[in-house]
Amino acid sequence: MSLNTDPKRCPLCGDGNACGLASPSRSAECWCFSKPANPDALKCLPADLCNQACLCPRCLQRLHDETTPDAP
């Protein structure tokens with residue numbers, strides 16, 4: 001992906017990201033305001049994808065699962 005990423009699409013999988021801020025017809029905040037990303041997970045994103053568009057809930061959860069150590 002490049003800096004021309006569609007703000008309504010997840011930059012990782014390309015599916016709709018349900019971003020409340022990218023859709024002018026919505027007056028609500030984005031879903032991600034209530035489920036912030038793990039900073040360690042975001043470090044896994046390529047630099048050119050950062051701050052371009054919201055991840056979809058599925059990709060955010062996958063990144064979280066991949067970067068959160070299992071509890072003993």
Side-chain angles (χ1 to χ4, degrees):
M1 297 268 169
S2 69
L3 295 178
N4 295 324
T5 301
D6 182 347
K8 294 180 182 178
R9 302 247 167 234
C10 174
L12 290 180
C13 71
D15 286 345
N17 59 15
C19 178
L21 300 178
S23 180
S25 63
R26 293 185 178 180
S27 59
E29 293 180 338
C30 186
W31 64 269
C32 71
F33 285 34
S34 63
K35 186 172 177 149
N38 174 341
D40 289 334
L42 295 179
K43 290 178 187 175
C44 296
L45 292 173
D48 65 334
L49 296 181
C50 292
N51 299 314
Q52 298 301 309
C54 285
L55 299 175
C56 69
R58 186 181 65 228
C59 284
L60 180 62
Q61 185 63 52
R62 183 177 52 82
L63 279 178
H64 174 79
D65 293 347
E66 290 174 357
T67 58
T68 302
D70 291 332

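One is the number of the first residue; the rest follow in order along the sequence. As a basis for the values below, the full set of heavy atoms in this structure was taken, side chains included, without hydrogen atoms, waters or symmetry mates.
The line from CZ of Arg9 to SG of Cys56 is 10.5 Å long, rounded to the nearest 0.5 Å. We find the CG-CG distance between Asn17 and Asp6 to be 8.0 Å, quoted to the nearest 0.5 Å.
For Asp15, the side-chain contact (heavy atoms from CB on, under 4.5 Å) partners two or more places apart in sequence, or in a different chain, are Cys13, Arg58. With sequence neighbours left out, the side chain to side chain donor-acceptor pair (under 3.5 Å) criterion links Glu66 to Arg62. Not counting sequence neighbours, Pro39 has no partner by the side-chain contact (heavy atoms from CB on, under 4.5 Å) test. With sequence neighbours excluded, no residue satisfies side chain to side chain donor-acceptor pair (under 3.5 Å) with Asn51. With sequence neighbours left out, the side-chain contact (heavy atoms from CB on, under 4.5 Å) criterion links Cys32 to Cys30, Cys54.
Closest non-hydrogen pair, Trp31 versus Leu55, comes out as CZ2-O, 3.0 Å.
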